[in-house]
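Numbers here are sequence positions counted from 1.
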Amino acid sequence: MDTDYISIPFPKSLYDMIIIRSGGKLDPVQLAAEQVEHFVERNTTEDGFWTEAGLEAFAEEERVRNSGKNDKDILSGHLWKPVFLINGTALRMSYKGKSHYAEVRGDRIQGDDRKFDSVSQWVRHVAGGTSRNAWLDVWIRRPGRDTDYRSADDLRKEALLDV
């Protein structure tokens, strides 16, 4: 899927500061896009921001995400040793300046265009077949548990401490 882009005013001094102080590790464009995406995700029910039609569209997207045969069972999920990802867990990965999303449906990972047997398969698909460390690339938001995305690597470290 191709993404169309627009240009928005972004203060050059802020752009330069992010580049310089991060040593080039952070991409200001990706950072800004992720912040806007987070805002939208956190505020899909806020009627102060959206029109009635917009709120209905968010609600419909949520219904679609939660539909599917045997995909609603909250007790099902995907074991990504040592982390258990319950059904409905959202996955996010940024690659080449674009955020990609998937969701745990049953015991599989549902990407935009197909299902995967593992998180690593989805990450490899997003990265065009290149090998990646999925623990470092993926951010996770578990339904009923996380209000924002959390680093998969941090969740793995926590799970290993609990063992």
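In this structure, the side chains of R108 and D117 come closer than 4.5 Å at one or more pairs of heavy atoms. L85 is listed as a side-chain neighbour of L91, based on a closest heavy-atom distance under 4.5 Å. Annotation: side chain of R92 is in contact with side chain of H38 (closest heavy-atom distance under 4.5 Å).
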query: Could you go step by step and tell me if H78 and V119 meet the side chain to side chain contact (heavy atoms under 4.5 Å, CB included) rule?
result: CA-CA 9 Å; H78 179 80; V119 176; 4.1 Å; yes
- prompt: Can you list the steps and then say if W122 with V138 is a side chain to side chain contact (heavy atoms under 4.5 Å, CB included)?
  reply: CA-CA 10 Å; W122 173 67; V138 174; 4.1 Å; yes
- prompt: Between I86 and V104, does a side chain to side chain contact (heavy atoms under 4.5 Å, CB included) hold up when you go through it step by step?
  reply: CA-CA 7 Å; I86 62 172; V104 175; over 6 Å; no
- request: Walk me through it: do E158 and L155 pass the test side chain to side chain contact (heavy atoms under 4.5 Å, CB included)?
  value: CA-CA 5 Å; E158 289 176 18; L155 291 175; 4.1 Å; yes
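Here the straight-line distance linking atom OG of S118 with atom CG of L79 works out to 12.0 Å at 0.5 Å rounding. Remark: Q30 CD to S94 OG distance equals 4.0 Å, nearest 0.5 Å. The structure places CG of L160 at 10.0 Å from NZ of K157, a figure rounded to the nearest 0.5 Å. To the nearest 0.5 Å, the span separating CE on M93 from CG on L136 amounts to 11.0 Å. Annotation: the span from H100 atom NE2 to Y95 atom OH amounts to 8.5 Å, rounded to 0.5 Å. In this structure, CD1 on I19 lies 10.5 Å from CG on L14, to the nearest 0.5 angstrom.
Among residues two or more places apart in sequence or in another chain, the ring pair (Phe, Tyr, Trp, His ring centres under 6.0 Å) test is passed with W135 by W80.
We find that E37 and R42 are not joined by a salt bridge, their nearest charged nitrogen and carboxylate oxygen being 4.0 Å or further apart. Salt bridge R142/D146: present, at least one basic N to carboxylate O contact under 4.0 Å.
Taking every heavy atom of both residues into account, R141 and T147 meet most closely at CD-O, 4.0 Å. For the residue pair A134 and V123, the shortest heavy atom distance occurs at CB-CG2, 3.8 Å. Residues D27 and G97 come closest through the heavy atom pair OD2-CA, 4.5 Å. The shortest heavy-atom contact between E103 and R105 is OE2-NE, 2.9 Å. In this structure, I18 and L31 approach most closely via the heavy-atom pair CD1-CD2, 4.1 Å. A pairwise comparison of heavy atoms in F84 and G77 identifies CZ-CA, 3.6 Å as the closest pair.
More than 12 heavy atoms of other residues, nucleotides or ligands lie within 6.0 Å of CG in D113, so this atom counts as buried by the packing criterion.
Hydrophobic cluster of W139: the remaining members, joined at side-chain heavy-atom separations below 4.5 Å, are Y101, Y149, listed by chain and number.
At least one donor-acceptor pair under 3.5 Å links the side chain of W50 to the backbone N or O of N43.
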